[in-house]
Novice: 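There's a structure below that I have some questions on.
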Amino acid sequence: MSVNWKPEWTALSDRLVGEGIFDNAEQAADAAFALLADYAAERASLKAMVDRAIADDQWVTPEDLDRDIESHFAKREAQGGCL
């Protein structure tokens with residue numbers, strides 16, 4: 001499989017390498033895909049929790065939902081603001 005990078009992705013990668021955040025573009029891409037994998041895992045976990053609650057007819061309280069959402073965004077903020 002071949003992927004064509006958008007020019008802005010290349011520019012961002014080049015800037016991050018130039019700033020010394022990554023040693024090369026491959027490391028920058030690895031970090032980006034690791035964040036995407038974390039996001040997908042978090043999303044799958046939340047979906048599984050909702051699916052279990054529906055199957056068990058157990059609904060999440062508004063307070064629990066607020067707590068989980070705040071926790072989710074706090075975690076993302078700690079990782080650099082990626083949702």
Novice: How long is the span from the CD1 atom in Ile54 to the CE atom in Met49, to the nearest 0.5 Å?
Specialist: 11.0 Å
Novice: Gln27 side chain to Asp23 main-chain N or O, any donor-acceptor pair under 3.5 Å?
Specialist: yes
Novice: Taking the side chain as every heavy atom from C-beta outward, state whether Leu65 and Thr61 have any atom pair closer than 4.5 Å.
Specialist: no
Novice: Could you give the distance from CZ (Arg15) to CD (Glu8), rounded to the nearest 0.5 Å?
Specialist: 13.0 Å
Novice: Can you hop from Ile21 to Val17 via hydrophobic side chains spaced under 4.5 Å?
Specialist: yes
Novice: Does any non-hydrogen side-chain atom of Arg76 lie less than 4.5 Å from one of Asp38?
Specialist: yes
Novice: Other residues, nucleotides and ligands only: do more than 12 of their heavy atoms fall within 6.0 Å of CD on Glu70?
Specialist: no
Novice: When you group the ILVMFWY residues by side-chain heavy-atom contacts below 4.5 Å and let the links chain together, are Leu35 and Trp9 in the same group?
Specialist: no
Novice: Under a 4.5 Å cut-off applied to non-hydrogen side-chain atoms, are Glu19 and Leu16 in contact?
Specialist: yes
Novice: Charged N to carboxylate O below 4.0 Å: is that the case for Arg67 and Glu63?
Specialist: no
Novice: Find the distance between OG1 (Thr10) and NZ (Lys6) and round it off to the nearest 0.5 Å.
Specialist: 11.5 Å
Novice: Tell me if the CD atom of Glu42 is crowded by more than 12 foreign heavy atoms within 6.0 Å.
Specialist: yes
